[in-house]
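As the structure is a computational prediction, the values presented were derived from the model and not from experiment.
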Amino acid sequence: MKTDLRIIKSKNAIENAFINLVEIKGFQSITIKEIAEKAMVNRNTIYLNYGTKEEILESIVKTSFFNHFGNLTTETFRKIGLNKKKIEDLFKKLFIVIDENIELYRILFTDSSSSGYLRTELTKLRKALENWIKPTPTNKIRASFLMNGIIGVVSNYITLAVGTAEDNVKILTDLTLSNLRHMSYTKKIWN
């Protein structure tokens with residue numbers, strides 16, 4: 001079944017208007033009416049496609065980031081293993097996606113009323129990583145440290161413009177590989 005081109009154009013207009021308004025006014029301050037006016041669509045069009053501004057945000061997050069990374073499962077982590085090139089490729093892909101949608105991620109990391117959506121999805125990735133290792137308390141702490149470190153570096157890149165994408169990819173690759181190697185040599189953690 002083909003999607004009507006008008007529906008695609010309307011959704012794109014709504015999502016772009018939403019991002020623009022959140023950047024200007026903040027998530028809590030915008031209304032469906034303002035989004036409709038900015039997108040030049042009827043409010044009913046928004047309700048038909050999304051329902052609420054929370055659903056617009058959720059759709060944007062899933063489309064822009066989690067369509068690329070939502071499939072990171074325990075099996076994906078097993079395939080990547082301790083391969084530096086594969087880890088580096090994963091981080092390169094991450095920064096390409098971020099750079100394509102930098103305004104969205106700046107909003108998600110700085111607007112406290114919308115950051116919960118991103119944290120929920122990032123928690124799923126942390127759990128996939130934790131499922132990759134044996135569930136000892138030490139390994140859970142290491143996995144949490146690793147994921148929180150990655151999130152911190154990404155957050156600083158987005159909100160404070162710390163380093164280039166290439167710098168961040170290199171550093172994250174090295175730190176991740178070092179951490180994973182340490183975990184693999186201190187205990188037999190790989191399933």
Side-chain angles (χ1 to χ4, degrees), residues 15-16 18-28 53-54 56-133 139-184 189:
E15 290 179 1
N16 289 332
F18 174 85
I19 291 170
N20 184 262
L21 287 168
V22 170
E23 196 166 21
I24 294 167
K25 297 180 72 176
F27 180 75
Q28 290 293 358
K53 65 183 183 181
E54 289 80 7
I56 297 171
L57 176 60
E58 199 173 324
S59 173
I60 292 169
V61 170
K62 285 184 179 173
T63 301
S64 66
F65 183 81
F66 297 102
N67 280 348
H68 298 281
F69 296 102
N71 64 343
L72 285 182
T73 63
T74 302
E75 186 57 32
T76 307
F77 283 113
R78 278 193 187 109
K79 287 179 183 175
I80 293 171
L82 297 176
N83 184 310
K84 183 175 182 173
K85 175 80 172 109
K86 288 181 180 180
I87 292 170
E88 183 178 56
D89 289 345
L90 184 66
F91 284 124
K92 281 180 182 177
K93 185 177 176 184
L94 171 67
F95 280 89
I96 289 169
V97 171
I98 289 170
D99 284 342
E100 288 173 352
N101 302 283
I102 194 79
E103 298 85 15
L104 171 65
Y105 296 110
R106 191 172 295 116
I107 291 164
L108 290 172
F109 275 102
T110 58
D111 188 324
S112 61
S113 59
S114 63
S115 62
Y117 295 98
L118 187 60
R119 298 214 185 281
T120 299
E121 295 300 326
L122 291 170
T123 297
K124 292 177 187 174
L125 295 179
R126 190 190 81 242
K127 287 182 180 176
L129 175 62
E130 286 178 356
N131 287 334
W132 181 37
I133 59 177
N139 288 336
K140 284 189 174 195
I141 292 168
R142 286 184 176 135
S144 181
F145 177 81
L146 180 61
M147 285 304 292
N148 287 330
I150 292 168
I151 292 166
V153 169
V154 169
S155 175
N156 286 337
Y157 174 77
I158 292 167
T159 61
L160 303 174
V162 175
T164 64
E166 294 80 18
D167 293 338
N168 280 277
V169 166
K170 182 182 179 339
I171 291 166
L172 283 173
T173 299
D174 290 345
L175 290 173
T176 299
L177 191 57
S178 174
N179 191 348
L180 293 176
R181 281 185 178 146
H182 178 72
M183 292 186 339
S184 68
I189 62 165

Could you check whether Lys85 pairs with Asp89 (Lys NZ or Arg NE/NH1/NH2 to Asp/Glu carboxylate O, under 4.0 Å)?
yes
Nearest-0.5 Å distance, CZ of residue Phe91 to CD1 of residue Ile96
13.5 Å
Checking Ile171 against Val153 for the side chain to side chain contact (heavy atoms under 4.5 Å, CB included) test, could you report, in this order, the C-alpha distance in whole Å, the side-chain angles of both residues, the deciding distance, and whether it holds?
CA-CA 9 Å; Ile171 291 166; Val153 169; 5.8 Å; no
Roughly how far, to the nearest 0.5 Å, is OG of Ser178 from CG of Leu82?
11.0 Å
Nearest-0.5 Å distance, NZ of residue Lys84 to CG of residue Leu177
7.0 Å
Closer than 3.5 angstrom, by distance alone: can the side chain of Thr173 be matched with the main-chain N or O of Val169 as a donor-acceptor pair?
yes
Do Lys53 and Phe18 form a cation-pi contact, if we require the NZ or CZ to be under 6.0 Å from the six-membered ring centre and within 45 degrees of the ring's axis?
no
Side chains of Leu146 and Arg142 in contact at under 4.5 Å (non-hydrogen atoms)
no
Beyond-backbone contact of Phe95 with Leu172, side-chain heavy atoms, under 4.5 angstrom
yes
Can you tell me how far CD1 of Ile19 sits from CG of Leu57, rounded to the nearest 0.5 angstrom?
9.0 Å
Apply the test side chain to side chain contact (heavy atoms under 4.5 Å, CB included) to residues Val154 and Tyr105: give CA-CA distance (whole Å), side-chain angles for both, the deciding distance (0.1 Å), then the verdict.
CA-CA 10 Å; Val154 169; Tyr105 296 110; over 6 Å; no
Please step through side chain to side chain contact (heavy atoms under 4.5 Å, CB included) for the pair Tyr157 and Asp167, ending with a clear verdict.
CA-CA 10 Å; Tyr157 174 77; Asp167 293 338; over 6 Å; no
Output the distance between atom CG (Asp99) and atom CD1 (Ile102), rounded to the nearest 0.5 Å.
5.5 Å
Between the main-chain N or O of Val162 and the side-chain N or O of Asn168, is there a donor-acceptor pair closer than 3.5 Å?
yes
Could you pull out the closest heavy-atom pair between Ile87 and Leu180, with the gap in Å?
CD1-CD1, 4.2 Å
Quick one, Asp174 with Lys170, criterion salt bridge (charged side-chain N to carboxylate O under 4.0 Å, His left out). Give me CA distance, side-chain angles, the key distance, then yes/no.
CA-CA 6 Å; Asp174 290 345; Lys170 182 182 179 339; 3.1 Å; yes
Any heavy-atom pair between the side chains of Leu90 and Lys86 that's under 4.5 Å?
no
